[in-house]
Amino acid sequence: MDKFPLLRNGSAAGELTVEREALYTCFSVSCRESAEGLWCAWAVGERGELRLGVLVPADGNLVLCRRFSGRLTAPIGRILRGEVRAVGETAESEWKPLCQPERLFRTPWLCRQLRGMQGVLCNRAESCRLAIPYDPRRPFPLAAMFCFAKICRIGSKQYAVYCFDAGEWPVMPEKN
C-alpha cells in the first residue's frame, strides 16, 4: 500500500491511498476539508492523470474508494499525488497557450477553423485536448462539433474543451 498527499488548490487536504490487487489498482481518498459544491478526486501521475470520481461526505470528511484495471491506470505512469478539484475544473498548469492553433493539426478543415483564433490552449497529458475560449454571447467555437465539447473553467475563464484521438477524430468528453 502506497500513500500520497492529496492537494486542493496546491495545499494539503488529505490523503490518497493506492493498493495493487492482482490486475486492479484500488484508490482510497480521504479529504479533511469539506467545502460546498461537488468535488472530484484525481490521481496525478508522471505521464498523465486519472479521474477517480466524485467525493461523498462521510463523518465530516469527503471520501471515495474506487478500483480500476491496469489498462486504465497504466497510461498515467508512476503516481505522484492526488488532487481534489471542483467538478468541471481543470488544472491550469496542464494547459499551454497556442499562438497558432491551426499548426497543431494536419486535417485541412480543422486548420481552417482554428486559423486566427486567439486564447486557445492545448493539453497533451492524456490525448490531444484543445480549449477554446467560450462566451455564451458569441458564436460557439467549432460549432459543427459542438456535441463533442465540454464546457470547463480553466483558471478564471470558461472554455469549450475538445478531445482528439491520434487520427485527429473528435472523442466524446467524459461525463462529470
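- Residues Ile79 and Phe27 form a side-chain contact, since some pair of their non-hydrogen atoms from C-beta on lies under 4.5 Å apart.
- Here Asn123 contributes atom CG and Cys163 contributes atom SG; the two are 8.5 Å apart, rounded to the nearest 0.5 Å.
- No donor-acceptor pair closer than 3.5 Å links the side chain of Asn61 to the backbone N or O of Val63.
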Indicate every side-chain donor-acceptor pair of residues 106-121 with a distance under 3.5 Å to a residue at least two apart or in another chain.
residue, atom, partner, partner atom, Å
Thr107, OG1, Glu168, OE1, 2.4
Gln118, NE2, Gly116, O, 3.4

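- The cluster map of Ile, Leu, Val, Met, Phe, Trp and Tyr, joined by side-chain heavy atoms under 4.5 Å apart, puts Val84 and Leu7 in different clusters.
- Between the CD atom in Glu19 and the OG atom in Ser28 there is a gap of 8.0 Å [rounded to 0.5 Å].
- Under a 4.0 Å N-O distance rule, the pair Arg85/Glu49 qualifies as a salt bridge.
- In this structure the side chain of Gln158 reaches within 4.5 angstrom of the side chain of Ile151, judged on heavy atoms.
- Closest non-hydrogen pair, Arg129 versus Trp95, comes out as O-CZ3, 3.5 Å.
- Both Leu50 and Val18 are assigned to one and the same hydrophobic cluster, defined by single-linkage of ILVMFWY side chains at heavy-atom distances under 4.5 Å.
- In the hydrophobic cluster analysis, where Ile, Leu, Val, Met, Phe, Trp and Tyr join through side-chain heavy atoms closer than 4.5 angstrom, Ile132 is grouped together with Phe146.
- With rounding to the nearest 0.5 Å, the separation of CZ in Arg32 from CG in Leu6 is 8.5 Å.
- Rounding to the nearest 0.5 Å gives a distance of 4.0 Å between SG of Cys40 and CZ of Arg51.
- Side chains of Leu52 and Trp42 form no contact here, defined as non-hydrogen atoms less than 4.5 Å apart.
- Hydrophobic clustering (ILVMFWY, side-chain heavy atoms < 4.5 Å, transitive): Val44 and Val29 are in distinct clusters.
- In this structure, Arg8 and Trp39 have side chains that are in contact, with non-hydrogen atoms separated by less than 4.5 Å.
- Closest approach of Phe4 to Asp2, counting heavy atoms only: CE1-CB, 3.6 Å.
- With contacts defined as side-chain heavy-atom distances shorter than 4.5 Å, the pair Thr17/Met1 qualifies.
- With contacts defined as side-chain heavy-atom distances shorter than 4.5 Å, the pair Phe164/Phe105 qualifies.
- For Phe140 and Tyr134, the ring centers sit closer than 6.0 Å to each other.
- Put simply, the side chain of Val161 does not reach to within 4.5 Å of the side chain of Leu130, judged on heavy atoms.
- Between Cys122 and Leu104, the closest side-chain pair of non-hydrogen atoms falls below 4.5 Å.
- Geometric assessment of Arg67 against the ring of Tyr24 yields a positive cation-pi assignment under the 6.0 Å and 45° thresholds.
- Taking the salt bridge (charged side-chain N to carboxylate O under 4.0 Å, His left out) definition, one finds that Arg138 meets it with nothing, sequence neighbours left out.
- A side-chain donor-acceptor contact under 3.5 Å links Tyr162 to the backbone of Leu142.
- Linking Ile, Leu, Val, Met, Phe, Trp and Tyr residues whenever their side-chain heavy atoms come within less than 4.5 Å places Ile76 and Leu64 in a single cluster.
- Nearest heavy atom pair, residue Pro133 against residue Pro141, reads O-CG, 3.8 Å.
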